[in-house]
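Working notes for the structure below.
All values below come from the heavy atoms of this structure, side chains included, with hydrogens, waters and symmetry mates left out.
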Amino acid sequence: MKEQIQPSTVRVFIALAPPDDAKEELARALGPAYDAYPRMRWNRIEDWHITLAFLGELPVGAVALLRPPLADLAAARRPVHLSMRGGGHFDERVLWSGIEGDLEDLHLLATDVRRVVRECGVEFEERPLRPHLTLARSRRDDPTSVTEAAAGLAGFTGRRWEARRLHLVGSNTGRGPGPIHYRDIEAWRFGGGS
């Protein structure tokens with residue numbers, strides 16, 4: 001039997017995830033777009049998330065260093081109340097749904113997450129937080145599907161929900177053909193949650 005070699009690095013980000021019922025509500029609103037634009041590369045519903053800090057490719061050892069302080073941070077924070085609303089696009093290529101709710105708390109959480117990461121000695125590119133869920137990407141030869149799908153989501157207003165866990169997520173980007181898949185490396189429940 002051939003021994004599987006484990007990678008020495010992993011592509012990592014820290015995120016929040018909507019609960020399944022909120023994601024299903026948005027997926028129902030996307031039904032017409034799924035039918036109208038089957039060639040778009042749709043993200044799997046289980047992979048929808050709000051990125052708080054994108055860390056990029058990290059040594060596996062650095063990921064282990066992040067676990068205790070992120071667990072402590074989550075335990076000290078209350079859940080964040082959010083909802084999904086409308087749609088938009090980045091560069092006419094990436095379809096997203098917007099995030100509303102306790103955005104001040106969301107920004108404070110992202111600031112604290114990024115501080116903890118830096119205190120662990122992990123360097124990453126600081127990008128402004130633009131809360132959204134990435135839903136799909138268009139193919140290079142398709143200049144209109146994303147903008148049309150975004151227009152179709154303009155009237156969507158999802159129910160309010162509670163982000164109950166902080167997720168440390170790894171992805172398989174650059175690890176072979178096929179769609180990107182995400183997996184929780186670990187997730188921590190926020191303190192004071194219901």
Give the C-alpha distance, both sets of side-chain angles, the deciding distance and a yes or no for side-chain contact (heavy atoms from CB on, under 4.5 Å) between R115 and R118.
CA-CA 5 Å; R115 177 186 46 78; R118 283 190 303 275; 4.0 Å; yes
Criterion side-chain contact (heavy atoms from CB on, under 4.5 Å) on S83 and I99, from CA distance to verdict:
CA-CA 6 Å; S83 61; I99 301 296; over 6 Å; no
Evaluate the criterion side-chain contact (heavy atoms from CB on, under 4.5 Å) for residue pair L52 and L166; output intermediate values, then yes/no.
CA-CA 9 Å; L52 301 176; L166 182 65; 3.7 Å; yes
Full working for side-chain contact (heavy atoms from CB on, under 4.5 Å) between L58 and F124:
CA-CA 10 Å; L58 296 181; F124 64 100; over 6 Å; no
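For A163 against F190, the heavy-atom pair with the smallest separation is O-CD1, 3.3 Å. In this structure, P128 and R114 approach most closely via the heavy-atom pair C-NH2, 4.5 Å. Taking each heavy atom of G191 and P79 in turn, the nearest pair found is O-CD, 3.5 Å.
No donor-acceptor distance shorter than 3.5 angstrom exists from the side chain of S138 to the backbone of S145, with no hydrogens or angles considered.
The pair R44-D47 meets the salt-bridge criterion, with a side-chain N (NZ, NE, NH1 or NH2) lying under 4.0 Å from an Asp/Glu carboxylate O. Between D21 and R159, at least one side-chain N (NZ, or NE/NH1/NH2) sits under 4.0 Å from a carboxylate O, which counts as a salt bridge. With salt bridges taken as basic N to acidic carboxylate O contacts below 4.0 Å, none links K23 and E25. The pair D141-R39 meets the salt-bridge criterion, with a side-chain N (NZ, NE, NH1 or NH2) lying under 4.0 Å from an Asp/Glu carboxylate O.
Side-chain rings of F13 and H49 approach one another, their centers coming within less than 6.0 Å.
Here the side chains of L95 and T134 are not in contact, with every heavy-atom distance at 4.5 Å or above. Between L26 and L135, the closest side-chain pair of non-hydrogen atoms falls below 4.5 Å. Within the 4.5 Å cutoff, the side chain of R28 has no heavy atoms near those of the F156 side chain. Here the side chains of S8 and P59 are not in contact, with every heavy-atom distance at 4.5 Å or above. At least one side-chain heavy atom of P131 sits less than 4.5 Å from a side-chain heavy atom of H107. With contacts defined as side-chain heavy-atom distances shorter than 4.5 Å, the pair H167/I50 does not qualify. Inter-residue side-chain proximity for R127 and F54 is flagged as met; some heavy-atom pair is nearer than 4.5 Å. For the pair N43/R137, a side-chain contact is recorded, criterion being any heavy-atom separation below 4.5 Å from C-beta on.
Applying the ring pair (Phe, Tyr, Trp, His ring centres under 6.0 Å) test to residues at least two apart or on different chains, the pairs with a partner in residues 18-38 are Y34-W42. Every pair passing salt bridge (Lys or Arg N to Asp or Glu O under 4.0 Å) that includes a residue from residues 87-103 is listed here, sequence neighbours excluded: R85-E100, D102-R160.
Residue E104 qualifies as open at atom CD: its count of foreign heavy atoms under 6.0 Å is 12 or below. Within 6.0 Å of CD on E123 lie no more than 12 heavy atoms contributed by other residues, nucleotides or ligands.
Rounded to the nearest 0.5 angstrom, L82 CG and L133 CG are separated by 9.5 Å. To the nearest 0.5 Å, atoms CE (M40) and CG (L30) are separated by 8.5 Å. Taken from CG in D142 to CD in E148, the straight-line distance is 8.0 Å, to the nearest 0.5 Å. Separating the CD1 atom in I14 from the CG atom in L66 is a distance of 6.0 Å, to the nearest 0.5 Å. For the atom pair CZ (R77) and CG (D105), the distance works out to 6.5 Å, reported to the nearest 0.5 Å. Of the inter-residue distances, the one linking E46 atom CD with D184 atom CG reads 12.0 Å to the nearest 0.5 angstrom.
Listed by chain and number, the hydrophobic cluster partners of W96 are F90, V94, where partners are ILVMFWY side chains within reach of under 4.5 Å, directly or through others.
Remark: the W188 side chain and the E186 side chain contain an N/O donor-acceptor pair separated by less than 3.5 Å.
Neither L108 nor L16 shares a network with the other; the hydrophobic side chains, linked directly or stepwise wherever heavy atoms of I, L, V, M, F, W or Y lie under 4.5 Å apart, form separate groups for each. Hydrophobic clustering of Ile, Leu, Val, Met, Phe, Trp and Tyr side chains at less than 4.5 Å, counting indirect connections, keeps L65 apart from I185.
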